[in-house]
Amino acid sequence: MSSETLRSALARATDTVAAAVARGALSESGRLIAAHLGAGPHLIVADENTWTVAGERLTESLREAGCELAEPLIFPGQPVLYASIENSVVIQEAIRAAQATPIALGSGTINDLVKLAAFEEGRDYACVGTAASMDGYTGAGAPMTENGVKATRNCKAPVAVIMDLDVVAAAPPIMTASGYGDLVAKIPGGADWILADYTDIEPIDPDVWTMVQSGVTTALSRPADLAAGNADAFDGLVEGLCLSGLAMQAYGGTRPASGAEHYFSHLWEIEGLGAERTPPLSHGFKVAVGSLAMCAFYEALLARDIADVNLAAAAAARKPWDGIEADIRSLFDGALADHAVRETKAKYAAGDDLVARLQPLVAQWPAAVEKLRAQLVTTAELSEMLRLAGAPSRPDDIGLTADDVRAMFPKAMYYRSRYTALDVAWELGIFDELVADVFDNIWK
Ligand SMILES: [Zn+2]
């Protein structure tokens, strides 16, 4: 991965115009923020932990750049700060009182809270990230809890992002491991995009693809050094996480950064998996297990020769829509069931439409297999990478049994309209066989 990739990503991103990812980048932060967000007043929003890590140095850098500063807003370090509307409103009030441009100093939660507060106040903001814990720094939208329900609020990404590699390398190892888990999603997620491209459902945007995928292998190549907090190893990981968000901005959607592996994670999140832990089970840790599940599913899929499949017969054998809707309603409750019905309906095809969709993939299967193999790693390789990074490498690392993961496969397929390997197998009539293969033969 090169900073040239970062520059071209910034050129296409809709909100973010500047990013500094380097050792010592904190000392550049004042200059960068002044150049893109003016001389202030600026309001630093942190918690006690992130303030201790970088608050004074950020303040100093802003002062050196001639910026005016409001009194910082520092949340307590304990209990854990939640991404809730109430907390975001506290920030909004501070922005209004100081008539200031907010600067998020922290990781996921602080960034999401400031992102939403800035948006609600009609202001741009900057983010100084303190951990390589997820790819949401540069993403638009903020996942929030409101009245106990999770929903992603629309809002703009930061104008400037600063990630000092010495700071992020010193963050708690569990945070780095979470970011690693979020970045491995680009492996099966990219494979899902390849399949959506072959079936002409969502053609690959080559520039966006390069942004997200070109550096992933390098970024993931030093898991043990990342776990050890070796600052030299963080370049690729942090740039990769930033590029994911920028690619989503450029593309106008989340396809470049996520596929079915994220649906396992979202559904576990909805179930409240690991919410009682301190800290709560991270997004990246759930994504890591979702990614393992999907890499195993791909192994099962690639072991099949679908070049000879009789598509007319597969289409004829497909369950009619009523049966599918009944199946969805047996798996989900309430509003989530209605959501899954809508999402699945949007991608449902039958008869000639189904044959037409799958035909190019089946006709070019050997070429597709070659591309997918180049994109993917085996489940064994991925679990070793995750283990070395200190991330979950087996379901029980996040408190799940193999059967729990197995039961999530059909739900992950129904949950979103995005077309993935799960849909390909489902439409070909081999979904259940492949899931059985995953747990009986591949992922042990
Ligand atoms: Zn993610």
Side-chain angles (χ1 to χ4, degrees), residues 9 13 16 83 107-112 115 127 129 131-145 150-155 157-158 161 163 168 171 174-193 208-209 211-213 215-216 219-220 226 236-271 273-275 279-295 382 385-386 389-392 398 408 412 415-416 418 420:
T16 309
S107 58
T109 304
I110 293 262
N111 185 52
D112 285 339
K115 190 186 293 187
C127 171
S133 51
M134 43 94 228
D135 70 5
Y137 287 112
T138 46
M144 284 289 140
T145 304
K150 272 231 171 240
T152 296
R153 291 288 199 102
N154 273 330
C155 45
V161 178
M163 301 287 288
V168 302
I174 195 171
M175 301 191 86
T176 305
S178 296
Y180 193 88
D182 208 10
L183 197 63
V184 301
K186 295 347 161 225
I187 297 171
D192 282 342
W193 203 2
V208 171
W209 175 270
M211 266 179 225
V212 187
Q213 295 288 343
V216 168
L220 297 173
L226 289 167
L237 177 64
V238 174
E239 202 164 299
L241 293 170
C242 287
L243 283 167
S244 280
L246 296 173
M248 289 188 269
Q249 287 183 39
Y251 188 71
T254 58
R255 168 66 91 172
S258 73
E261 76 296 323
H262 266 78
Y263 303 151
F264 287 81
S265 166
H266 291 181
L267 289 163
W268 286 323
E269 173 107 34
I270 289 169
E271 288 179 358
L273 179 70
L281 188 64
S282 68
H283 170 73
F285 273 18
K286 286 170 274 196
V287 170
V289 177
S291 297
L292 282 164
M294 284 310 296
C295 280
L382 184 62
M385 288 158 64
L386 289 164
I398 62 167
M408 199 51 94
Y415 176 62
R416 282 283 158 89
R418 178 160 303 159
T420 71

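Counting starts at 1 for both ligands and their atoms, in listed order.
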* To do: Mind checking salt bridge (charged side-chain N to carboxylate O under 4.0 Å, His left out) for Arg255 and listing every partner two or more places apart, or none if nothing turns up?
  => Glu202
* Report the relative orientation of the aromatic rings in His283 and His262; use parallel for angles under 30°, tilted for 30 to 60°, perpendicular for over 60°. => tilted
* To do: Would you please classify the geometry between the Trp193 ring and the Tyr251 ring as parallel, tilted or perpendicular, with 30° and 60° separating the classes?
  => perpendicular
* To do: Identify which one of Cys127, Ser133, Ser178 satisfies the side chain to side chain contact (heavy atoms under 4.5 Å, CB included) criterion when paired with Ser107.
  => Ser133
* Asked: What protein atoms of element N, O or S are positioned under 2.8 Å from the Zn ion (ligand 1)?
  -> Asp182 OD1, His262 NE2, His283 NE2
* Structure fact -> Taken in chain and number order and not counting sequence neighbours, the residues that satisfy side chain to side chain donor-acceptor pair (under 3.5 Å) with Thr109 are none
* Structure fact -> For Phe264, the ring pair (Phe, Tyr, Trp, His ring centres under 6.0 Å) test, sequence neighbours excluded, returns Trp268, Phe409
